[in-house]
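Below, all heavy atoms of this structure are taken into account, side chains as well, without hydrogens, waters or symmetry copies. All values reported here derive from a predicted model rather than from experimental measurement. In the text below, chain A, chain B and the rest are named by the order of the sequence lines, each starting its count at 1.
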Amino acid sequence: MSASLKQDPHSPDPRDRGGPAQPLLIVDNLRKHFPVRGGLLNRQVATVQAVDDVSFSVRKGETLGIVGESGCGKSTTARLLMRLMEPDAGSVIFDGDPVGDRRGISVSDMRRQMQMVFQDSYTSLNPRMTMAESIAYAPRMHGLGRREAYDRAEDLLSRVGLNPRQYARRYPHELSGGQRQRVNIARALALEPRLVILDEAVAALDKSVEAQVLNLLTDLKQSLNLTYLFISHDLNVVEYMSDRVMVMYLGRVVEAGPVESIYRRPRHPYTRALFASKPTLDPDRRTTEMPLTGDPPNPINPPSGCRFRTRCAFAQPRCAETLPPLAAPFDGDTDGTHVVACHIPEAQSAMAVHHG
Amino acid sequence: MLLFAIRRLIQAIPILLGVSLVVFGLVHIVPGNPIDMLLPPEASPEIIAQMKAAFGFDKPLYMQYLLWLLRAVQGDFGLSVFNATPVWGQLSAALQNTFVLAILGAALGFSMGILCGMVSALYHGRWPDKVFSAIATVGVSLPHYWCAIVLVLFCAVLHDWMPAQGMGDDSLPLYDRLQYLVLPVITLSLIPMGVIGRLVRATVLDIVGQDFVGALSAKGLTRWPVIRHIARNAAPPVLALMGLQFGYLLGGSILVETVFNWPGSGNLLNLAIFRRDIPVLQATILVLATFFVMLNLLVDIAQAAIDPRIRR
Amino acid sequence: MSDIAMGTPLVSRPDAPAAPAPGYWKSVGQRLLTDKTTIAVTLVLLGILFITLGAPLVTHYDPYHGSVLGRLKPIGTPGHWLGTDETGRDLWTRLCYGGRLSLLAAIMPVTISLIVGGFLGILAGYAGGIVGTLIMRTMDVFYAFPSILLAIAICGLLGNGLSNSIIALAVVFIPPMVRVSETVTTQSRNLDFVEAARASGTTTPQIIRYHVLANVLGPILVYATSLISVSIILSAGLSFLGLGVTPPQAEWGLMLNSLRQAIYVQPYVAALPGLMIFATSMCFNLMSDGFRSAMDVRLNK
């Protein structure tokens with residue numbers, strides 16, 4: 001038995017059950033509401049609709065970016081997918097198999113194929129374990145021998161650009177943030193997952209370190225044939241990494257589509273406002289769109305209908321009455337992959353975001 | 001702020017009920033009936049029944065508890081089984097004596113502890129720090145009843161400086177009666193001193209290490225405002241510990257009161273244990289524990305008043 | 001494990017593969033060996049342990065029999081270098097034998113509370129919910145009593161004797177032990193690395209064993225060591241009040257109380273048992289400090 005990783009990206013993965021056309025992940029109407037307790041008797045007084053009827057799919061080998069302001073439900077979605085929290089409703093289908101279903105795949109089997117990298121590189125490593133121990137932990141718990149597990153840990157350390165002889169026996173506090181995040185990536189790869197969720201994985205890093213880690217992620221994706229779910233609030237990073245992008249606002253998906261399409265021509269007023277607040281050095285791309293003002297409304301009592309209407313310049317009475325479904329844009333000049341949740345044609349086709 | 005205070009007050013009620021249940025329950029886990037222990041073994045069944053009825057021991061347990069609690073809330077703790085005098089009279093006199101000791105001991109111990117802790121922190125790593133840290137460590141592990149004996153040894157046995165026993169006669173002039181306080185108060189002050197000193201040192205060092213103190217100094221503020229800022233930020237944890245420690249002084253006074261023969265609540269408790277005087281015992285523990293709970297409540301509210309972050 | 005081990009390595013392994021890293025406890029041990037205070041204090045405690053457990057080796061007197069003629073001899077008397085007590089028993093002998101009960105009465109309650117309180121605390125911290133609330137609210141009630149008061153009340157009601165004093169102190173120590181272990185468990189339970197371990201599909205017992213216990217056991221043990229220091233003072237205090245061990249047995253608190261009556265005759269002899277209590281308590285205190293800093297990975301390079 002070899003302890004090393006699969007290498008040839010062209011050889012078929014025996015775990016690939018559905019074939020290339022089967023999306024690796026299909027998420028259908030995922031929902032998580034948190035009760036809010038308060039008052040003198042500590043009764044439930046409200047609910048936070050952290051994730052509300054979120055549906056999307058991830059194709060094999062692609063990177064799906066999820067963007068949105070903090071508190072929009074990005075991280076909750078990631079935790080729901082990993083089943084670190086139980087969803088209130090909705091289903092997840094992994095490579096054609098419903099997760100946690102008797103006819104499908106069990107949660108623990110799913111977790112071997114789906115791994116996650118957390119934002120805080122320090123707290124996500126056990127301070128009492130060396131780097132090699134942390135990486136070897138999951139394979140050992142799944143039955144790999146001690147020797148093999150440590151061999152694999154060293155192999156992974158060199159894959160993420162850390163010399164095992166130098167770093168294998170170090171403790172988390174002895175490494176820099178970038179080095180620790182590399183270890184976290186190695187740890188996530190130790191079970192040879194097919195899908196890796198990167199939850200703000202580079203958000204806490206310096207810009208120069210961030211670029212190195214992003215390049216590492218791109219290389220690993222190539223060589224290990226991975227699929228990424230890339231969660232970030234940083235629009236530039238998402239653009240660089242993703243094939244497709246999904247924009248979330250207050251627990252709901254407002255727009256989704258190929259990265260070029262969304263970045264070239266965002267349809268949802270929220271997406272445009274988000275881009276307007278994005279810093280850019282390119283004078284041709286300076287926008288005249290009003291950037292977002294104010295904080296997002298309290299997710300405890302989200303507005304009725306379209307949740308963005310309270311901050312939207314185009315809002316009309318019907319926006320408060322019905323929730324806009326995700327549908328093709330009114331001017332329909334895309335190939336059907338671009339969807340947007342907005343009732344108002346003028347809002348979607350409002351003047352182009354960018355000059356020139 | 002008011003809401004916080006009310007909420008804390010409401011939260012204290014189940015704890016106080018639990019306390020009363022424990023105090024009541026303690027007596028009843030013990031094998032044997034309190035009356036049996038009091039009467040000679042050859043007492044006739046009628047006398048036993050009479051006594052039981054007189055003290056309410058013939059009713060079912062939960063009724064006994066409810067009756068006892070109802071009376072206790074009104075300050076009526078019944079009669080002492082030993083000498084049939086009202087428990088509350090004995091207890092309040094003893095509590096007064098204990099409070100005199102505890103308040104003076106706390107005042108001395110807290111101020112010494114704060115002083116030691118502040119000096120240690122300001123001279124961090126230099127010799128005053130080392131000396132005071134050593135004193136604090138010693139203070140933490142000092143058996144205070146032994147300390148009382150050593151003080152008696154030096155001040156009363158080897159030299160005739162202070163009286164060693166009792167609290168003096170009412171007829172004595174005030175100055176002479178104050179002398180009886182010196183040794184017990186010094187002993188009691190040693191209990192909180194080390195603990196408070198350690199906490200003050202750690203808290204102040206922690207705050208000095210934070211950025212805003214550096215910012216204050218950088219703003220050119222002189223030494224005193226900086227110290228005031230430190231004190232304001234160090235106060236909540238120190239205050240919390242003081243509340244706990246004052247409670248320990250009240251409870252721990254039983255040993256010190258024994259050594260100095262001080263007629264306080266500790267002495268009363270000790271006597272009640274040896275006389276098997278259950279009503280006195282229950283009342284003493286209940287009152288001291290209730291006081292302890294209320295004290296912690298006050299400390300919580302005071303903390304919240306100083307530091308708004310504690311208000312939730 | 002063929003499902004997670006496939007193919008051939010692309011990256012050549014370094015010529016000298018690093019051995020599995022030394023365990024965390026091993027590195028704690030190495031740090032302890034460089035701490036002079038902790039070593040000194042441990043040696044003193046071992047010395048105390050030696051003269052108490054090996055009392056017949058260091059003294060040939062009988063701890064229970066003395067000559068009434070030779071009572072209350074001062075320190076430095078030939079044959080009785082620490083003097084004699086109120087019934088003429090050799091004090092050095094009494095101190096040596098007395099340590100047995102003092103240490104037993106101090107360590108047993110802490111051990112019991114470590115097991116019971118540690119279990120309840122980890123349970124409350126990891127399970128949370130109704131179980132956790134129930135445990136913690138019950139403990140709050142016991143917290144409402146000043147510790148000495150509760151110990152005295154329980155011991156006074158159960159009657160004197162070694163086992164009752166142990167029970168009383170165990171009841172006093174369980175609530176703080178529960179609180180400490182609940183706090184550290186809750187803290188480590190919510191850390192990302194525990195989430196990461198859950199995400200890697202390991203089972204709850206495995207997570208508790210490798211992630212929670214490793215991070216929780218250290219602080220709990222340090223706390224237990226510091227509790228022994230308190231426990232020595234309290235257990236001797238109980239017998240000092242006449243609530244713990246009964247005469248004629250030798251125990252430091254009891255000896256302190258009986259010699260106290262003779263303070264005007266032999267002042268210095270009367271202070272000796274208390275000195276033993278003080279020294280032992282302080283050693284445990286300092287040892288606990290040493291453990292604490294040795295276990296804190298971040299303090300050290």
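- By the neighbour-count criterion of 12 heavy atoms within 6.0 Å, atom OH of C/Y126 is densely surrounded, having more than that number from other residues, nucleotides or ligands.
- Between chain C and the options A/Q115, A/M116, A/M82, the largest number of non-hydrogen pairs under 4.5 Å is found for A/Q115.
- A donor-acceptor pair shorter than 3.5 Å can be found between the side chains of A/T123 and C/D192.
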Next item on the list: Could you give me the CA-CA distance, side-chain angles and deciding distance for C/R198 and A/R83, then say whether side-chain contact (heavy atoms from CB on, under 4.5 Å) is met?
Entry: CA-CA 9 Å; C/R198 284 175 64 206; A/R83 285 295 166 98; over 6 Å; no
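- Within the model, atoms CD of C/Q206 and CZ of A/R140 stand 10.5 Å from one another, a figure rounded to the nearest 0.5 Å.
- Only the backbone of A/L125 comes within contact range of chain C, with heavy atoms under 4.5 Å apart.
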Notebook entry, point to check: Checking side-chain contact (heavy atoms from CB on, under 4.5 Å) for the pair A/Y137/C/T202: CA distance, chi angles, key distance, verdict?
Noted result: CA-CA 9 Å; A/Y137 168 78; C/T202 45; 3.5 Å; yes
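- Taking a 6.0 Å sphere around CG of C/L46, one finds it holds more than 12 heavy atoms contributed by other residues, nucleotides or ligands.
- Of all heavy-atom pairs spanning A/P127 and C/F193, the tightest one is CD-CE2, 3.4 Å.
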